[in-house]
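Nothing fancy with the numbering, it's 1 onward along the sequence. For ligands, and for the atoms within them, numbers begin at 1 and follow the listed sequence.
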Amino acid sequence: MSASDSVTVRVPAKVNVQLAVGGPRPDGFHDLANVFLAVGLYDEVTVTPADELRITVSGPDAHQVPTDRTNLAARAALALAERHGREARVHLHIAKDIPVAGGMAGGSADGAAALVGCDALWGTGASREELLEICAELGSDVPFSLIGGAALGRGRGELLTPLEVGGAFHWVFAVADGGLSTPAVYRECDRLRGDAPVPDPEPSPALLEALRTGDAAALAAAVDNDLQAAAVSLRPSLAETLRAGTEAGALASLVSGSGPTCAFLVKDGQDAEAVAAALLASGSCRAARVATGPAEGARLVAG
Ligand code: C5P
């Protein structure tokens with residue numbers, strides 16, 4: 001088989017610079033005002049014709065990634081195949097660099113990448129709208145992995161409005177040992193809130209303006225994650241990680257999505273290296289990764 005029989009798609013991780021969470025809906029989801037920013041930590045998914053659907057994973061945390069049909073990449077291939085009356089006879093290889101179950105949409109990223117890859121390999125010619133529709137069926141964060149950049153997600157996060165971003169933001173990500181279950185974190189958020197009334201989630205005008213102007217200090221003052229208290233409640237050691245980043249000079253320290261990855265907004269690349277070194281030295285995380293955002297969504301890189 002020649003190299004041209006396969007396609008590779010690169011797809012970024014995300015951080016939520018704002019995650020405003022409403023009360024639980026009858027369907028079990030929560031309405032959100034979810035401001036996504038794609039950041040330059042990437043998975044690559046290579047799609048190759050095969051006798052049957054097969055998944056392999058490489059990378060330091062490969063053993064934590066399911067290789068059965070629960071993997072969003074497999075579900076994406078099956079969903080596209082079914083819509084176009086064909087079988088999903090592909091080998092999906094995931095080169096994993098995004099932290100697993102870390103609140104950075106790593107699984108969602110692989111779903112979006114597999115969809116773009118299968119569409120290209122099969123010549124399906126699915127429209128952007130159809131791809132986004134399939135993404136929304138796969139999961140709340142999958143549509144954003146497809147489009148990348150920055151976007152406001154309403155509904156359960158799948159109804160996207162792209163946002164203008166006026167510059168590159170520098171980040172450090174503290175990777176924890178082991179993941180957190182997203183449903184468990186939402187449940188803990190509900191539990192901590194008890195019977196208190198929950199306001200409708202709304203995007204922060206100051207935060208959207210900070211993104212538009214590329215102002216890191218203003219963004220740092222506006223970042224907010226309603227899931228943070230729940231993630232820290234389930235994993236109390238995250239409080240120490242957040243403190244270590246703040247003490248090292250981060251402009252803002254927050255849990256990324258449902259965690260347990262912690263995200264630190266910093267002034268520039270030099271500060272990013274210094275904060276990453278301090279986080280590692282503190283012993284409060286397993287790894288510290290440096291990245292900038294916004295980053296492009298799922299894109300073909302080879303074929
Ligand atoms: O959409 P996704 O499959 O990624 O969601 C995983 C879980 O996270 C859901 O089953 C739900 O428990 C929780 N969730 C939620 N509200 C959202 C998104 C996710 O409660 N807006």
Please tabulate, for the side chains in residues 259-273, all donor-acceptor contacts under 3.5 angstrom to protein atoms that are two or more places apart in sequence or on a different chain.
unit_1	atom_1	unit_2	atom_2	d
Thr261	OG1	Gly102	O	2.9
Asp268	OD1	Gln270	N	3.3
Asp268	OD1	Asp271	N	2.9

Less than 3.5 Å apart, which donor and acceptor atoms pair up between the side chains of residues 231-239 and the rest of the protein, not counting sequence neighbours?
unit_1	atom_1	unit_2	atom_2	d
Ser233	OG	Glu188	OE2	2.5
Arg235	NH1	Asp177	O	3.2
Arg235	NH2	Gly179	O	2.7

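Shortest non-hydrogen contact noted between Val198 and Gly23 is CG1-N, 3.6 Å.
If you check the side chains of Thr48 and His91, you find no donor sitting under 3.5 Å from an acceptor.
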Item to complete: Could you give me the CA-CA distance, side-chain angles and deciding distance for Asp97 and Arg289, then say whether salt bridge (Lys or Arg N to Asp or Glu O under 4.0 Å) is met?
Response: CA-CA 10 Å; Asp97 196 38; Arg289 306 289 307 277; 2.8 Å; yes
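Near ligand 1, Gly28, Phe29, His30, Leu32, Gly139, Ser140, Arg156, Thr182, Pro183, Tyr186 each place a heavy atom less than 4.0 angstrom from the ligand.
Remark: Arg89 pairs with Glu87 by the side chain to side chain donor-acceptor pair (under 3.5 Å) rule, at least two apart or across chains.
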